[in-house]
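Input: a single structure, listed below in structure tokens.
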Amino acid sequence: MGNEHLFRAIVDHTTDTITIKDLAGRFVYANPGALALVGAERVEAIVGKTDVDFFPPEAIALIARTDAEVVASGVPQSYEISFNSAFWGEKTHLTSKFPYYDETGEIQGVVAVVRDITELKRTELALRDSEERFRKLVEATFDGVAIHDAGVIIEANQALADMFGYPLDELVGLDGPSTAAPEYHAFIQERISTNDTRPYEVEALRKDGTRFAVEIVSRPAHYHGRRVRVSAFRDITERKALEKGLVLQNERLRELDLMKNNFVGTVSHELRTPLTTIRGYAELLEDGVGGELSDTQHGYVQQIVEGAGRLERLVDDLLDYARMEAGAFRLEPREVDLARMVADVGLAFEPQAREGLVVLELAVPALAPLEADPGRVEQVLGNLIGNALKFTSPGGRVAIAVQDGEAAVRIMVTDNGEGIEAHHLPLLFDRFYQVDAGTTRRVGGTGLGLAISRALVEAHGGEIGVESTPGAGSSFWFTLPRGA
Ligand code: ADP
């Protein structure tokens, strides 16, 4: 192939624009790429014309100056140029220029090879932009961040350098896993080779050899064409210390709680004996066993009996509380005639209801016998009825109802008293919880009754609960499973 043909083949098929101008600045040649650019088919569309016919004024100066320099010096030039052309719109071009000579070695004009690099520029800018944003993000975090290729650190932020006590440039190039305590090396390698992305904790080594706890999370990523991992490191020394402190504190609190329970148990137990003695002898006096009493004396003794009785109930609650906290109640289940029991307990509250001008209603169907600890069921029922009476004003009503079911019996105590706001309900059965300590102080109570009731009902395998509407009343209920 002759030179001429070779030249043709190249300039016809390149996507670059190739033009040649004579020394007067007139185009003497344009390749197909140049024709395509200006939307022409014939070379006459370009040949014979000058730059002014194609380029906007702001581009002309640079083109003319570089042409002149190439002609004057004979040295090729290359530059990027962006402008908006009526022919091809807003574009960036990379232009290379060199002189061409005649046979005598005289410069005849300038050859320009022009490549459209608009897209390339845009991608480059976008990439630089996103890299910049990423870098800012990484520099702004407290976490240490590293990019590593099979463990070898290729990028890291200042926070990581500070964390590990290395100058940043020393950190880059290090084998990442080797900055962990030796016993973790195999584990970390495994994480890297299996591309595991779950967070993990290791003991890390600072440059000075001291250890610290660090949490690491890694993700695979592409970085400059490489498959790498991006890892974030968090110094968790403080968190670890806090956790350890909390564990110790918890243990200590558990110990204290146990001590308190033991104390409550022992004291209650010790209180119970003399109280029984006081009430016993006071009752004897009340009955006139110790001799005839004047009306005044009788009145005093009655007060003693009542006071001792209240104290005993309180001490019983405390004993139950200590038992409840210690684990489980020992139930003594036997066959119980529940209908009868409910009626009896209801009846026992009659005097108190009458005194408070509250109507006590009973609706109990005949029931098949049930296995339960009668004393404990009485206690729960008594507590619910006692509460209902306490929180219901004169003129009110407390209804006790029993629903028989195949799997369980359900006992309900419903009042039309003051009711309870919804946000208290989930806490009501917690120990010591009282809706309003003020009111309760007025009506008496420790906040233990419902907690003990729940423990007792649950010990039976049953459930306890409440529905309530403030101002309208409450309905406390519990179930006792059949065949428990
Ligand atoms: P307390 O000894 O204080 O009565 P409980 O555990 O039996 O302890 O009850 C806890 C709290 O629940 C009471 O202080 C009271 O605020 C609320 N409460 C219980 N029963 C009723 C009820 N029938 N109506 C309104 N509030 C009630």
Side-chain angles (χ1 to χ4, degrees), residues 260-261 264 268 271 306-307 309-325 329 342 345-346 348-350 352-363 375-402 410-460 462-479:
K260 181 207 64 190
N261 289 342
V264 170
S268 311
L271 279 173
E306 263 173 39
R310 270 208 301 278
L311 256 182
E312 269 182 329
R313 281 192 296 279
L314 199 74
V315 167
D316 282 346
D317 267 3
L318 285 176
L319 267 173
D320 277 345
Y321 163 75
R323 259 181 228 133
M324 175 177 87
E325 293 287 289
F329 287 101
V342 173
V345 176
F349 276 93
E350 251 320 313
Q352 192 182 325
R354 217 172 308 129
E355 198 181 319
L357 300 177
V358 173
V359 177
L360 199 61
E361 290 170 4
L362 265 171
R376 294 314 202 171
V377 176
E378 270 176 26
Q379 190 181 342
V380 175
L381 189 58
N383 182 37
L384 298 189
I385 301 174
N387 278 347
L389 290 175
K390 271 199 302 193
F391 295 101
T392 303
S393 318
R397 182 185 58 86
V398 170
I400 306 160
V402 179
R410 188 181 175 94
I411 299 125
M412 283 157 296
V413 178
T414 307
D415 64 62
N416 62 356
E418 60 190 53
I420 304 158
E421 284 182 57
H423 66 275
H424 291 296
L425 295 181
L427 303 167
L428 226 48
F429 296 91
D430 286 353
R431 53 191 198 172
F432 305 125
Y433 191 81
Q434 296 183 320
V435 168
D436 170 6
T439 322
T440 322
R441 201 150 300 129
R442 174 163 52 77
V443 295
T446 53
L448 280 175
L450 288 178
I452 292 171
S453 296
R454 178 170 66 182
L456 286 175
V457 169
E458 285 175 356
H460 277 90
E463 285 178 84
I464 191 166
V466 57
E467 281 95 46
S468 189
T469 312
S474 313
S475 185
F476 283 83
W477 55 266
F478 66 99
T479 59

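Atoms within each ligand, like the ligands themselves, are counted from 1 in listed order.
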Original post:
Any idea which part of Thr392 is under 4.0 Å from ligand 1, heavy-atom wise: side chain, backbone, both or neither?
Top reply: neither
Original post:
In terms of atom number and element, which parts of ligand 1 are under 4.0 angstrom from non-hydrogen atoms of Ala388?
Top reply: 23 (N)
**OP:** For Asp415, counting its heavy atoms only, list the atoms of ligand 1 lying under 4.0 Å from any of them.
**Re:** 22 (C), 23 (N)
**OP:** Quick one: pull up OG in Ser468 and CD in Glu421 and give me the separation to the nearest 0.5 Å.
**Re:** 9.5 Å
**OP:** Consider every N or O of Val435 and every N or O of ligand 1, then say whether any pair is closer than 3.5 Å.
**Re:** yes
Original post:
Is the backbone N or O of Gly473 less than 3.5 Å from a side-chain atom of Asp415, with the two atoms forming a donor-acceptor pair by type?
Top reply: no
Subject >> Non-hydrogen atoms of Leu360 and Gly346 that approach each other most closely >> reply: CD2-O, 3.2 Å
Subject >> Atom indices of ligand 1 within 4.0 angstrom of Leu448 heavy atoms, with elements >> reply: 6 (O), 8 (O)
Original post:
Near Ser474, which atoms of ligand 1 are under 4.0 Å from a heavy atom of that residue?
Top reply: 24 (N)
**OP:** Report yes or no: does Gly417 have a heavy atom closer than 4.0 Å to ligand 1?
**Re:** no
**OP:** With heavy atoms of Ile420 as the reference, note each atom of ligand 1 found under 4.0 Å away.
**Re:** 25 (C), 26 (N), 27 (C)
**OP:** Heavy-atom contacts with Phe476 under 4.0 Å: which atoms of ligand 1 show up? List them by number with element.
**Re:** 19 (C), 20 (N), 21 (C), 22 (C), 23 (N)
Subject >> Neighbour count above 12 (heavy atom, 6.0 Å) for Glu312 CD >> reply: yes
**OP:** Would you mind running through ligand 1 and noting each atom that sits below 4.0 Å from a heavy atom of Gly449?
**Re:** 5 (P), 6 (O), 7 (O), 8 (O)
Subject >> Glu418-ligand 1 polar pair, N/O distance under 3.5 Å >> reply: no
Original post:
Is it true that the side chains of Gln379 and Asp316 contain a donor and an acceptor less than 3.5 Å apart?
Top reply: no
Original post:
Counting both backbone and side chain atoms, is some N or O of Ala451 under 3.5 Å from an N or O of ligand 1?
Top reply: no
Original post:
Just wondering, do Phe349 and Val358 contact through their side chains at under 4.5 Å, heavy atoms?
Top reply: no
Subject >> Where ligand 1 meets Tyr433 - atom numbers and elements under 4.0 angstrom, heavy-atom basis >> reply: 10 (C), 11 (C)
Original post:
Under 4.0 Å from ligand 1, counting heavy atoms only, is it the side chain of His424, its backbone, both or neither?
Top reply: neither
Subject >> Nearest heavy-atom neighbours spanning Ser475 and Thr414 >> reply: OG-OG1, 3.0 Å
**OP:** Looking only at non-hydrogen atoms, find the nearest pair between Phe429 and Leu450 and report the distance.
**Re:** CD2-O, 3.7 Å
**OP:** State, to 0.1 Å, how close Asn416 and Gly396 come at their nearest heavy-atom pair, and which atoms those are.
**Re:** OD1-CA, 3.4 Å
